[in-house]
Amino acid sequence: MTDLLDEIAALKKREDASILAHYYQDSEIQELADFTGDSLKLARAATQVQSRTIVFCGVHFMAETAKILNREKRVLLPDLQAGCSLADSCPARQLDRYQEMLRANDHRFQTVAYINTTAAVKALSDWIVTSGNAEDVIRRVPPDQEILFVPDRHLGQYLQEVTGRKMILWNGSCMVHEIFSVGDLLALKRTLPQALTIAHPECPANVREHSDFVGGTEAMIRYVAARPDPTDFLVATEANMLWQLQSQVPRHRYHPVPGITCACNKCPHMARNTLEKLRDCLRDGTPEIGWQPEFDQAKEVLQRSLLN
Ligand code: SF4
(Lines give C-alpha, C1' and ligand atoms only; values in the text may rest on other atoms or scores of the structure.)
Protein backbone atom coordinates (compact mmCIF):
# COMPACT_ATOMS: atom_id res chain seq x y z
CA MET A 1 0.00 0.00 0.00
CA THR A 2 2.79 2.47 0.94
CA ASP A 3 4.60 1.58 -2.31
CA LEU A 4 1.44 2.30 -4.29
CA LEU A 5 0.92 5.66 -2.56
CA ASP A 6 4.59 6.59 -3.22
CA GLU A 7 4.19 5.60 -6.85
CA ILE A 8 1.07 7.79 -7.22
CA ALA A 9 2.83 10.74 -5.55
CA ALA A 10 5.83 10.42 -7.92
CA LEU A 11 3.62 10.09 -11.01
CA LYS A 12 1.52 13.05 -9.92
CA LYS A 13 4.65 15.16 -9.82
CA ARG A 14 5.98 13.80 -13.11
CA GLU A 15 2.68 14.43 -14.90
CA ASP A 16 1.96 17.79 -13.21
CA ALA A 17 -1.41 16.50 -12.06
CA SER A 18 -4.04 17.39 -9.46
CA ILE A 19 -6.43 14.80 -8.05
CA LEU A 20 -10.09 15.75 -7.55
CA ALA A 21 -12.21 13.24 -5.62
CA HIS A 22 -15.95 13.14 -4.98
CA TYR A 23 -17.25 12.56 -1.45
CA TYR A 24 -18.60 9.18 -2.62
CA GLN A 25 -15.14 7.81 -3.40
CA ASP A 26 -13.44 5.31 -1.06
CA SER A 27 -11.73 7.03 1.86
CA GLU A 28 -8.25 6.01 0.67
CA ILE A 29 -8.81 7.99 -2.54
CA GLN A 30 -10.34 10.99 -0.75
CA GLU A 31 -7.37 11.00 1.62
CA LEU A 32 -4.77 11.58 -1.09
CA ALA A 33 -6.85 13.99 -3.22
CA ASP A 34 -5.91 17.66 -3.64
CA PHE A 35 -9.61 18.59 -3.64
CA THR A 36 -12.64 16.72 -2.30
CA GLY A 37 -16.19 17.90 -2.70
CA ASP A 38 -19.65 17.49 -4.14
CA SER A 39 -20.31 18.05 -7.85
CA LEU A 40 -20.62 21.84 -7.51
CA LYS A 41 -17.49 22.29 -5.40
CA LEU A 42 -15.47 20.05 -7.72
CA ALA A 43 -16.73 21.77 -10.88
CA ARG A 44 -15.60 25.08 -9.38
CA ALA A 45 -12.29 23.59 -8.17
CA ALA A 46 -11.64 22.26 -11.69
CA THR A 47 -11.54 25.85 -12.98
CA GLN A 48 -8.95 26.83 -10.39
CA VAL A 49 -6.34 24.07 -10.55
CA GLN A 50 -2.97 25.22 -11.88
CA SER A 51 -1.66 21.82 -13.00
CA ARG A 52 -1.69 20.65 -16.63
CA THR A 53 -3.59 17.46 -15.82
CA ILE A 54 -6.69 16.74 -13.73
CA VAL A 55 -7.36 13.20 -12.56
CA PHE A 56 -11.04 13.07 -11.74
CA CYS A 57 -11.96 10.39 -9.21
CA GLY A 58 -15.69 10.33 -9.65
CA VAL A 59 -18.03 9.22 -12.43
CA HIS A 60 -18.03 9.98 -16.15
CA PHE A 61 -20.36 13.01 -16.22
CA MET A 62 -18.20 14.70 -13.55
CA ALA A 63 -14.96 14.21 -15.48
CA GLU A 64 -16.79 15.41 -18.61
CA THR A 65 -17.87 18.56 -16.72
CA ALA A 66 -14.27 19.20 -15.61
CA LYS A 67 -13.13 18.91 -19.25
CA ILE A 68 -15.91 21.17 -20.53
CA LEU A 69 -14.80 23.88 -18.11
CA ASN A 70 -11.08 23.36 -18.95
CA ARG A 71 -10.65 22.65 -22.64
CA GLU A 72 -6.90 23.23 -22.54
CA LYS A 73 -6.28 20.74 -19.72
CA ARG A 74 -5.89 17.00 -19.93
CA VAL A 75 -8.65 15.30 -17.90
CA LEU A 76 -8.21 11.65 -16.93
CA LEU A 77 -10.80 9.32 -15.37
CA PRO A 78 -9.36 6.17 -13.74
CA ASP A 79 -12.19 3.97 -15.09
CA LEU A 80 -14.09 5.06 -18.18
CA GLN A 81 -16.93 2.67 -17.27
CA ALA A 82 -17.71 4.63 -14.07
CA GLY A 83 -21.19 5.77 -15.12
CA CYS A 84 -24.30 6.89 -13.25
CA SER A 85 -27.79 5.36 -13.21
CA LEU A 86 -29.29 8.83 -13.02
CA ALA A 87 -27.43 10.14 -16.08
CA ASP A 88 -28.36 6.93 -17.95
CA SER A 89 -32.05 7.47 -17.20
CA CYS A 90 -32.20 10.51 -19.48
CA PRO A 91 -30.79 9.83 -22.96
CA ALA A 92 -30.36 13.05 -25.00
CA ARG A 93 -32.37 11.80 -27.96
CA GLN A 94 -35.35 10.96 -25.75
CA LEU A 95 -35.17 14.37 -24.06
CA ASP A 96 -35.00 16.11 -27.43
CA ARG A 97 -38.17 14.31 -28.59
CA TYR A 98 -39.98 15.11 -25.34
CA GLN A 99 -39.09 18.81 -25.59
CA GLU A 100 -40.38 18.80 -29.19
CA MET A 101 -43.65 17.27 -28.03
CA LEU A 102 -44.06 19.90 -25.29
CA ARG A 103 -43.40 22.74 -27.76
CA ALA A 104 -45.89 21.22 -30.23
CA ASN A 105 -48.45 21.33 -27.39
CA ASP A 106 -47.83 25.03 -26.74
CA HIS A 107 -45.88 24.67 -23.51
CA ARG A 108 -43.57 27.59 -22.81
CA PHE A 109 -40.85 26.11 -20.62
CA GLN A 110 -37.22 26.11 -19.65
CA THR A 111 -35.31 22.89 -19.07
CA VAL A 112 -33.46 22.60 -15.78
CA ALA A 113 -31.05 19.65 -15.68
CA TYR A 114 -29.39 18.19 -12.64
CA ILE A 115 -25.62 18.05 -13.15
CA ASN A 116 -25.88 14.23 -13.19
CA THR A 117 -26.49 14.21 -16.94
CA THR A 118 -24.43 13.73 -20.08
CA ALA A 119 -22.97 16.72 -21.92
CA ALA A 120 -25.49 16.12 -24.72
CA VAL A 121 -28.37 16.59 -22.22
CA LYS A 122 -26.69 19.67 -20.75
CA ALA A 123 -26.49 21.11 -24.26
CA LEU A 124 -30.29 20.71 -24.58
CA SER A 125 -30.91 22.49 -21.27
CA ASP A 126 -31.28 26.10 -20.14
CA TRP A 127 -29.90 25.59 -16.65
CA ILE A 128 -27.72 23.08 -14.80
CA VAL A 129 -28.18 22.60 -11.07
CA THR A 130 -26.50 20.62 -8.31
CA SER A 131 -28.10 19.68 -5.00
CA GLY A 132 -26.07 22.58 -3.57
CA ASN A 133 -27.42 25.40 -5.79
CA ALA A 134 -30.72 24.06 -7.15
CA GLU A 135 -33.04 26.29 -5.13
CA ASP A 136 -31.15 29.46 -6.18
CA VAL A 137 -31.14 28.52 -9.85
CA ILE A 138 -34.84 27.55 -9.88
CA ARG A 139 -35.65 31.02 -8.55
CA ARG A 140 -33.87 32.49 -11.60
CA VAL A 141 -36.32 30.85 -14.03
CA PRO A 142 -38.85 33.51 -15.13
CA PRO A 143 -42.24 32.89 -13.43
CA ASP A 144 -44.13 32.91 -16.73
CA GLN A 145 -42.18 29.83 -17.90
CA GLU A 146 -42.93 26.23 -16.93
CA ILE A 147 -40.01 24.12 -15.72
CA LEU A 148 -39.07 20.76 -17.18
CA PHE A 149 -36.81 19.19 -14.55
CA VAL A 150 -34.56 16.25 -15.53
CA PRO A 151 -33.64 13.55 -14.64
CA ASP A 152 -34.21 12.95 -10.88
CA ARG A 153 -37.89 12.80 -9.95
CA HIS A 154 -37.15 12.74 -6.20
CA LEU A 155 -34.94 15.83 -6.28
CA GLY A 156 -37.54 17.46 -8.56
CA GLN A 157 -40.34 16.69 -6.08
CA TYR A 158 -38.25 18.10 -3.25
CA LEU A 159 -37.53 21.29 -5.24
CA GLN A 160 -41.25 21.68 -5.97
CA GLU A 161 -41.89 21.53 -2.22
CA VAL A 162 -39.23 24.06 -1.20
CA THR A 163 -39.63 26.56 -4.06
CA GLY A 164 -43.39 26.24 -4.61
CA ARG A 165 -42.77 26.03 -8.39
CA LYS A 166 -44.71 23.31 -10.16
CA MET A 167 -42.55 21.27 -12.53
CA ILE A 168 -42.83 18.71 -15.26
CA LEU A 169 -40.69 15.88 -13.84
CA TRP A 170 -38.60 13.36 -15.79
CA ASN A 171 -38.96 9.86 -14.40
CA GLY A 172 -35.33 9.14 -13.40
CA SER A 173 -33.74 8.21 -10.09
CA CYS A 174 -30.44 7.33 -8.45
CA MET A 175 -30.08 3.60 -7.80
CA VAL A 176 -28.27 4.30 -4.51
CA HIS A 177 -30.60 6.86 -2.94
CA GLU A 178 -33.79 5.21 -4.15
CA ILE A 179 -33.23 2.05 -2.13
CA PHE A 180 -33.05 3.51 1.37
CA SER A 181 -35.52 1.59 3.46
CA VAL A 182 -37.93 3.73 5.44
CA GLY A 183 -38.74 0.70 7.61
CA ASP A 184 -35.08 0.27 8.57
CA LEU A 185 -34.76 4.01 9.16
CA LEU A 186 -37.68 3.92 11.61
CA ALA A 187 -36.20 0.85 13.35
CA LEU A 188 -32.86 2.70 13.67
CA LYS A 189 -34.66 5.74 15.07
CA ARG A 190 -36.24 3.52 17.74
CA THR A 191 -32.79 2.24 18.74
CA LEU A 192 -31.35 5.77 18.82
CA PRO A 193 -34.33 7.99 19.69
CA GLN A 194 -32.14 11.02 20.38
CA ALA A 195 -30.48 10.87 16.94
CA LEU A 196 -31.05 13.40 14.15
CA THR A 197 -31.61 12.18 10.60
CA ILE A 198 -29.97 13.90 7.62
CA ALA A 199 -30.99 12.89 4.09
CA HIS A 200 -29.93 13.75 0.55
CA PRO A 201 -32.71 15.25 -1.62
CA GLU A 202 -32.23 12.37 -4.10
CA CYS A 203 -33.93 10.15 -1.45
CA PRO A 204 -37.63 9.30 -1.95
CA ALA A 205 -40.26 11.41 -0.16
CA ASN A 206 -40.98 8.76 2.50
CA VAL A 207 -37.35 8.96 3.71
CA ARG A 208 -37.20 12.76 3.47
CA GLU A 209 -40.43 13.02 5.51
CA HIS A 210 -38.76 11.28 8.45
CA SER A 211 -35.61 13.45 8.30
CA ASP A 212 -34.65 16.43 10.43
CA PHE A 213 -32.58 17.93 7.62
CA VAL A 214 -32.57 17.50 3.83
CA GLY A 215 -29.64 18.81 1.81
CA GLY A 216 -26.74 18.01 -0.49
CA THR A 217 -23.44 16.76 0.87
CA GLU A 218 -21.87 20.21 1.43
CA ALA A 219 -25.04 21.36 3.22
CA MET A 220 -24.88 18.23 5.40
CA ILE A 221 -21.35 19.14 6.49
CA ARG A 222 -22.46 22.67 7.38
CA TYR A 223 -25.48 21.33 9.28
CA VAL A 224 -23.53 18.93 11.50
CA ALA A 225 -20.72 21.48 11.99
CA ALA A 226 -23.24 23.99 13.37
CA ARG A 227 -24.19 21.59 16.19
CA PRO A 228 -21.81 22.13 19.10
CA ASP A 229 -22.74 19.13 21.28
CA PRO A 230 -21.74 15.58 20.33
CA THR A 231 -24.77 14.16 18.51
CA ASP A 232 -25.83 10.90 16.85
CA PHE A 233 -26.67 11.41 13.17
CA LEU A 234 -28.45 8.90 10.95
CA VAL A 235 -27.12 9.56 7.46
CA ALA A 236 -29.15 8.78 4.33
CA THR A 237 -26.71 9.19 1.48
CA GLU A 238 -23.88 7.23 -0.14
CA ALA A 239 -21.95 5.43 2.60
CA ASN A 240 -18.51 6.95 1.85
CA MET A 241 -19.88 10.32 2.91
CA LEU A 242 -19.63 9.10 6.51
CA TRP A 243 -15.84 9.15 6.24
CA GLN A 244 -15.90 12.79 5.11
CA LEU A 245 -18.30 13.78 7.93
CA GLN A 246 -16.18 11.93 10.48
CA SER A 247 -12.96 13.58 9.33
CA GLN A 248 -14.40 17.10 9.13
CA VAL A 249 -16.61 17.05 12.25
CA PRO A 250 -15.28 14.21 14.44
CA ARG A 251 -17.14 15.16 17.64
CA HIS A 252 -20.36 13.49 16.42
CA ARG A 253 -21.28 9.84 15.82
CA TYR A 254 -22.56 8.93 12.33
CA HIS A 255 -24.70 5.91 11.51
CA PRO A 256 -25.54 4.84 7.92
CA VAL A 257 -29.23 4.43 7.11
CA PRO A 258 -29.48 0.95 5.58
CA GLY A 259 -30.81 0.22 2.12
CA ILE A 260 -33.39 -2.42 1.28
CA THR A 261 -30.90 -4.78 -0.32
CA CYS A 262 -27.70 -4.13 1.61
CA ALA A 263 -26.44 -2.35 4.67
CA CYS A 264 -23.99 0.03 3.07
CA ASN A 265 -25.51 1.90 0.11
CA LYS A 266 -22.26 2.28 -1.78
CA CYS A 267 -22.42 3.50 -5.36
CA PRO A 268 -21.09 0.69 -7.61
CA HIS A 269 -20.09 3.23 -10.28
CA MET A 270 -17.96 5.28 -7.91
CA ALA A 271 -16.44 2.05 -6.60
CA ARG A 272 -14.96 1.28 -10.03
CA ASN A 273 -12.19 3.79 -9.30
CA THR A 274 -9.38 2.22 -7.26
CA LEU A 275 -5.90 3.31 -6.22
CA GLU A 276 -4.41 0.88 -8.77
CA LYS A 277 -6.48 2.38 -11.60
CA LEU A 278 -5.55 5.86 -10.41
CA ARG A 279 -1.87 4.92 -10.62
CA ASP A 280 -2.33 3.31 -14.05
CA CYS A 281 -4.14 6.27 -15.59
CA LEU A 282 -1.45 8.67 -14.34
CA ARG A 283 1.28 6.39 -15.69
CA ASP A 284 -0.34 5.75 -19.08
CA GLY A 285 -2.20 9.03 -19.65
CA THR A 286 -5.41 7.15 -20.37
CA PRO A 287 -8.45 6.95 -20.23
CA GLU A 288 -8.69 10.60 -21.23
CA ILE A 289 -11.88 12.64 -21.75
CA GLY A 290 -11.70 14.03 -25.30
CA TRP A 291 -13.48 17.19 -26.52
CA GLN A 292 -16.86 16.44 -28.14
CA PRO A 293 -18.93 18.70 -30.43
CA GLU A 294 -21.73 19.15 -27.86
CA PHE A 295 -19.27 20.44 -25.25
CA ASP A 296 -19.34 24.01 -26.63
CA GLN A 297 -23.07 24.47 -25.97
CA ALA A 298 -22.88 22.55 -22.66
CA LYS A 299 -20.09 24.90 -21.57
CA GLU A 300 -22.23 27.98 -22.09
CA VAL A 301 -25.05 26.50 -19.97
CA LEU A 302 -22.67 25.29 -17.24
CA GLN A 303 -20.89 28.62 -16.94
CA ARG A 304 -24.13 30.56 -16.76
CA SER A 305 -25.52 28.23 -14.09
CA LEU A 306 -22.59 27.30 -11.89
CA LEU A 307 -19.94 29.95 -12.18
CA ASN A 308 -21.86 33.22 -12.45
S1 SF4 B 1 -24.69 7.78 -6.18
FE2 SF4 B 1 -26.38 7.74 -7.68
S3 SF4 B 1 -26.34 9.77 -8.64
FE4 SF4 B 1 -24.34 9.48 -7.61
S5 SF4 B 1 -23.01 8.61 -9.21
FE6 SF4 B 1 -23.89 6.87 -8.09
S7 SF4 B 1 -25.72 6.31 -9.31
FE8 SF4 B 1 -25.12 8.39 -9.96
Side-chain angles (χ1 to χ4, degrees), residues 20-27 29-30 33 36-43 46 56-66 77-92 112-122 125 128-134 149-159 169-181 198-204 207-208 214-221 235-245 256-274 277 287 289:
L20 273 59
H22 193 271
Y23 288 149
Y24 295 169
Q25 289 289 281
D26 277 347
S27 56
I29 294 181
Q30 290 194 57
T36 53
D38 64 358
S39 305
L40 178 60
K41 191 172 168 194
L42 291 178
F56 205 109
C57 296
V59 296
H60 190 272
F61 77 82
M62 297 176 180
E64 210 178 45
T65 303
L77 176 64
D79 189 323
L80 210 50
Q81 303 304 316
C84 168
S85 65
L86 200 44
D88 290 347
S89 68
C90 186
V112 178
Y114 192 26
I115 197 166
N116 297 36
T117 43
T118 61
V121 165
K122 290 182 175 78
S125 303
I128 307 298
V129 300
T130 69
S131 50
N133 76 348
F149 186 83
V150 302
D152 189 342
R153 66 174 184 273
H154 299 302
L155 178 61
Q157 262 171 17
Y158 170 72
L159 290 171
L169 300 179
W170 194 264
N171 191 23
S173 64
C174 158
M175 62 187 290
V176 176
H177 289 90
E178 184 149 77
I179 61 162
F180 283 109
S181 154
I198 55 178
H200 196 280
E202 285 173 29
C203 291
V207 170
R208 295 198 313 270
V214 178
T217 46
E218 290 294 341
M220 280 182 182
I221 294 170
V235 185
T237 191
E238 211 272 358
N240 283 307
M241 185 61 198
L242 271 77
W243 179 84
Q244 187 62 234
L245 289 166
V257 174
I260 287 169
T261 51
C262 74
C264 67
N265 283 317
K266 289 207 172 186
C267 173
H269 305 291
M270 291 278 182
R272 293 187 78 99
N273 294 322
T274 60
K277 289 181 192 170
I289 306 292

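Remember, it's 1-based here, ligands and their atoms both numbered in the order they're listed.
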Chemist: Please list the nearest protein heavy atom to atom 3 (S) of ligand 1 with its residue and the distance rounded to 0.1 Å.
Modeler: N116 ND2, 3.1 Å
Chemist: Which of the atoms in ligand 1, numbered in the order shown and given with their element, are less than 4.0 Å from a heavy-atom of E202?
Modeler: 3 (S)
Chemist: Please determine if R153 and E178 form a salt bridge, counting it only when a charged side-chain N lies under 4.0 Å from a carboxylate O.
Modeler: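 Answer for the salt bridge query: yes.
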Chemist: So P201 and H154, do their side chains get closer than 4.5 Å, heavy atoms only?
Modeler: no
Chemist: Under 4.0 Å from a heavy atom of H269: which atoms of ligand 1 are those, numbered in the order shown and with their elements?
Modeler: 7 (S)
Chemist: Which of the atoms in ligand 1, numbered in the order shown and given with their element, are less than 4.0 Å from a heavy-atom of S85?
Modeler: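 Counting from 1, the qualifying ligand atoms are 7 (S).
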Chemist: Given side chains that start at C-beta, do those of H60 and Q81 come closer than 4.5 Å, heavy atoms only?
Modeler: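 No, too far: nothing below the 4.5 Å cut-off.
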Chemist: Can you tell me if K122 uses its side chain to pair, donor with acceptor, with the backbone of I115 under 3.5 Å?
Modeler: yes
Chemist: What protein heavy atom sits nearest atom 2 (Fe) of ligand 1, and how far away is it?
Modeler: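 Checked against all protein heavy atoms, atom 2 (Fe) of ligand 1 sits closest to C174 SG, 2.3 Å.
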Chemist: Among side-chain atoms of Y24 and T237, is any donor-acceptor pair under 3.5 angstrom?
Modeler: yes
Chemist: Nearest to atom 8 (Fe) of ligand 1 by heavy atom, C84, C267, P268: which?
Modeler: C84
